[in-house]
Amino acid sequence: GGGILYALMASDELAKAISMNKSYEMLWKKRIGRSLKAHLFLRNYLDKFSEENYNELITMLSNKNAKSLVESYDREFPIKLLMKLVLAQPKLIKYMGMVV
């Protein structure tokens with residue numbers, strides 16, 4: 001079902017744009033643009049991971065606090081989850097060097 005929620009949100013913004021004679025692009029970007037950029041960033045970031053990086057990440061996210069966060073947050077909106085995960089598991093900061 002990936003993308004269905006965003007498609008529904010975008011369709012709401014399209015209806016607003018038509019009925020209010022506003023820019024559809026401006027409306028959808030305001031509503032879901034940051035989350036979409038975050039997903040793209042994460043995908044590109046994770047593409048750089050080695051098997052060892054993935055194994056270490058899984059180990060870090062297996063602790064009780066991190067696991068609880070992953071289970072309770074909606075993956076459609078990753079920014080809040082990532083911030084909370086770094087607070088719950090500070091060792092994740094190690095991966096910040098791979099951003100560049």
Legend entry - Contacts of Y54 that satisfy ring-ring contact (aromatic ring centres under 6.0 Å, His included) - sequence neighbours left out: F49
Inset, instruction - To the nearest 0.5 Å, tell me how far L92 CG sits from L61 CG. - result: 5.5 Å
Inset, instruction - Using a 4.5 Å cut-off on heavy atoms from C-beta on, say whether the side chain of L82 contacts that of V86. - result: no
Legend entry - Qualifying salt bridge (charged side-chain N to carboxylate O under 4.0 Å, His left out) pairs with a residue from residues 61-72, counting only residues at least two apart or across chains: none
Legend entry - Set of side-chain hydrogen bond (donor to acceptor under 3.5 Å, both in side chains) partners for K29, sequence neighbours left out: E25
Inset, instruction - List for me each residue that meets salt bridge (charged side-chain N to carboxylate O under 4.0 Å, His left out) alongside K16, sequence neighbours excluded, and say none if there are none. - result: E13
Legend entry - Aromatic ring pairing Y45/F41, orientation class (parallel under 30°, perpendicular over 60°, tilted between): parallel
Legend entry - OH-OG distance between Y24 and S11, expressed to the nearest 0.5 angstrom: 8.0 Å
Legend entry - Charged N-O contact under 4.0 Å between E56 and K94: yes
Inset, instruction - Output the distance between atom CD1 (I32) and atom CG (L5), rounded to the nearest 0.5 Å. - result: 8.5 Å
Legend entry - Single-linkage hydrophobic cluster L69~I58, side-chain heavy atoms < 4.5 angstrom: no
Legend entry - Partners meeting side-chain hydrogen bond (donor to acceptor under 3.5 Å, both in side chains) with N44 (sequence neighbours left out): none
Legend entry - All side-chain contact (heavy atoms from CB on, under 4.5 Å) counterparts of I79, not counting sequence neighbours: R34, A38, M83
Legend entry - Separation between CG of D12 and CE of M9, rounded to the nearest 0.5 Å: 8.5 Å
Inset, instruction - Apply side chain to side chain contact (heavy atoms under 4.5 Å, CB included) to the pair K48 and N53, showing each step before the final yes or no. - result: CA-CA 9 Å; K48 296 177 184 179; N53 293 139; over 6 Å; no
Legend entry - Validation row: Y6, S35 side chains within 4.5 angstrom (heavy atoms): yes
Legend entry - Within one Ile-Leu-Val-Met-Phe-Trp-Tyr cluster: I4 and L40, side-chain cutoff 4.5 Å: no
Inset, instruction - Could I get the full list of side-chain contact (heavy atoms from CB on, under 4.5 Å) partners for N63, not counting sequence neighbours? - result: N65, A66, Q89
Inset, instruction - Could you tell me which residues satisfy side-chain contact (heavy atoms from CB on, under 4.5 Å) with N21, sequence neighbours excluded, listed by chain and number? - result: none
Inset, instruction - Any chance you could measure N55, atom CG, to E52, atom CD, to the nearest 0.5 Å? - result: 8.0 Å
Inset, instruction - Can you sort out the partners of K22 under side-chain contact (heavy atoms from CB on, under 4.5 Å), two or more places apart, ordered by chain and number? - result: M20, L27
Inset, instruction - Sequence neighbours left out, what passes salt bridge (charged side-chain N to carboxylate O under 4.0 Å, His left out) with K80? Give chain and number order. - result: none
